[in-house]
Peer 1: 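I'd like to ask some things about the structure below.
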Amino acid sequence: MLIRKTHLSGENIPSSQITPLEAFHSATTDRRAFLARAGVLAAGSAAASMLPRRAFGMEPLKTVSGQFSTTEAQTPIVRATTYNNFYEFGVPKDQPAKNAHTLKTRPWTVQVTGMVKKPQTINIDDLINYRPVESRVYRHRCVEAWSMVIPWDGYSLSEFINFCEPLPSAKYVAFISLYDRKQMPEAPDDYNWPYHEGLRMDEAMHPLTLLTFGAYGQTLANQNGAPARIVLPWKWGYKSAKSIVKFHFTDKQPSTLWNEANSNEYGFYSNVNPKRGVRYSQERERRIDSGFPHEIPTQMFNGYGDQVASLYSGMDLMKNY
Ligand SMILES: Nc1nc2c(c(=O)[nH]1)N[C@H]1C(S)=C(S)[C@@H](COP(=O)(O)O)O[C@H]1N2
Ligand SMILES: [Mo]
């Protein structure tokens, strides 16, 4: 089987390539210049700390403060919206921010299919307004060994699953992202599009699992997975499917795009595990926050073990990776 070297491949990027962007963030004197170049700060704006409102078409989102939030330093919004994995819009980290403006997020509907009382199609705005949107500041750990701290806005996926009324026979839920070649001409050919992911039902119902519509108090930037994505803070980032158009309830473990691409490395569970590095060590990660990016130890379940370890009791997590 082809082992992909480019993606999810452990940031084998020489530091010479990443330093310029990092440097903009650490040197506050350069920060405004960077923001201006990135097109996210209007000319003449006041404080350098000001959030780039309305960048990438993001709109203010009404939120209530949520639970489970970390107080760790947050990743600046410019970083979280310009350093992305969204392969449908190109592979290098800076491509989704450049290309995802072609993503049309309205009209948008979400299909509910499979083992549910009533299959149906839901309008995205009805979905967003279904429950109060909470702000949840979560750690976000990519399998490539970088991490961020992001204030996501959404509500527990469990609320929506209860609305869907899955049948008792439904043991898993699959998430399917939009795939439209016209909007996504940069998507590499050699993946089984559309992007598809999935969870065991108890993982999907866990209160940490966030059905996400925004970040930083604004609707999601397209490159972050507008208009709706999943966020799973205890799993490698690729479990958190973006721009979802379908929830499919099933009694069989869903196949996932990354598992199909490289089954030895990317399993169904994909819980953050410092002991399970395949082509490189996962013991440490590069934290991208408001300071200069720095290395920190990786935590089992990305630090959410108190909340989620019981989901996997009795399982060998080196085998069930
Ligand atoms: N549809 C889709 N969802 C996706 C991806 C993708 O390429 N396509 N990349 C995943 C990966 S590898 C990560 S780390 C996160 C990145 O989310 P962010 O760019 O909002 O930080 O999205 C995940 N969801
Ligand atoms: Mo990732």
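Computation of the quantities below employed the complete heavy-atom set of this structure, encompassing side-chain atoms and omitting hydrogens, waters and symmetry-equivalent molecules. For the single chain, residues carry numbers from 1 onward in sequence order. These figures come from a predicted structure and were not determined experimentally. Just follow the structure's listing: the first ligand is 1, and inside any ligand the first atom is 1.
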Peer 1: Any chain of hydrophobic side-chain contacts (each under 4.5 Å) joining W108 to Y130?
Peer 2: yes
Peer 1: Report the part of H140 (side chain from C-beta onward, or backbone N, CA, C, O) that has a heavy atom under 4.0 Å from ligand 1; answer both or neither where that applies.
Peer 2: side chain
Peer 1: Which atoms of ligand 1 have any heavy atom of G237 under 4.0 Å away?
Peer 2: 10 (C), 11 (C), 13 (C), 14 (S), 15 (C), 22 (O), 23 (C)
Peer 1: When V110 is tested against each of L127, T121, I176 for side chain to side chain contact (heavy atoms under 4.5 Å, CB included), which residue passes?
Peer 2: L127
Peer 1: Heavy atoms only: which of M184, E88, K242 is nearest to atom 8 (N) of ligand 1?
Peer 2: E88
Peer 1: Give the numbers and elements of all ligand 1 atoms closer than 4.0 Å to a heavy atom of N224.
Peer 2: 18 (P), 20 (O)
Peer 1: Can G225 be said to touch ligand 1, with heavy atoms closer than 4.0 Å?
Peer 2: no
Peer 1: Going by atom types only, do E260 and S255 share a side-chain donor-acceptor pair under 3.5 Å?
Peer 2: yes
Peer 1: Between W258, Y238, Y179, which one has a non-hydrogen atom sitting closest to atom 11 (C) of ligand 1?
Peer 2: Y238
Peer 1: Could you walk me through whether K118 and E165 pass salt bridge (Lys or Arg N to Asp or Glu O under 4.0 Å), step by step?
Peer 2: CA-CA 8 Å; K118 187 168 80 82; E165 298 186 277; over 6 Å; no
Peer 1: Pick one of side chain, backbone, both or neither for how E144 approaches ligand 1, counting any non-hydrogen atom pair under 4.0 Å.
Peer 2: neither
Peer 1: Between Y195 and ligand 1, which residue portion shows a heavy-atom distance shorter than 4.0 Å: side chain, backbone, both, or neither?
Peer 2: side chain
Peer 1: Go through ligand 1 atom by atom and flag the ones less than 4.0 Å from a non-hydrogen atom of R229.
Peer 2: 15 (C), 17 (O), 18 (P), 20 (O), 22 (O)
Peer 1: Report the distance from atom CZ of R141 to atom OG1 of T298, rounding to the nearest 0.5 Å.
Peer 2: 4.0 Å
Peer 1: Just to be sure I read this right, does ligand 1 sit under 4.0 Å from the backbone of S177, its side chain, both, or neither, counting only heavy atoms?
Peer 2: side chain
Peer 1: Using the salt bridge (Lys or Arg N to Asp or Glu O under 4.0 Å) rule, take K104 and D180 through it: C-alpha gap first, then chi angles, then the decisive distance, then the call.
Peer 2: CA-CA 10 Å; K104 227 180 137 241; D180 176 0; over 6 Å; no
Peer 1: Quick one: which of T81, N85, L232 has a heavy atom closest to atom 5 (C) of ligand 1?
Peer 2: N85
Peer 1: So, the side chain of H206 versus the backbone of A204: is there a donor-acceptor pair under 3.5 Å, distance only?
Peer 2: no
Peer 1: Decide whether N85 and K93 meet the rule of one side-chain donor and one side-chain acceptor closer than 3.5 Å.
Peer 2: yes
Peer 1: Would you please name every residue forming a side chain to side chain contact (heavy atoms under 4.5 Å, CB included) with K171, sequence neighbours left out?
Peer 2: none
Peer 1: With heavy atoms of C142 as the reference, note each atom of ligand 1 found under 4.0 Å away.
Peer 2: 14 (S)
Peer 1: Find all atoms of ligand 1 within a distance of less than 4.0 Å from any non-hydrogen atom belonging to Y87, and give their numbers and elements.
Peer 2: 6 (C), 7 (O)
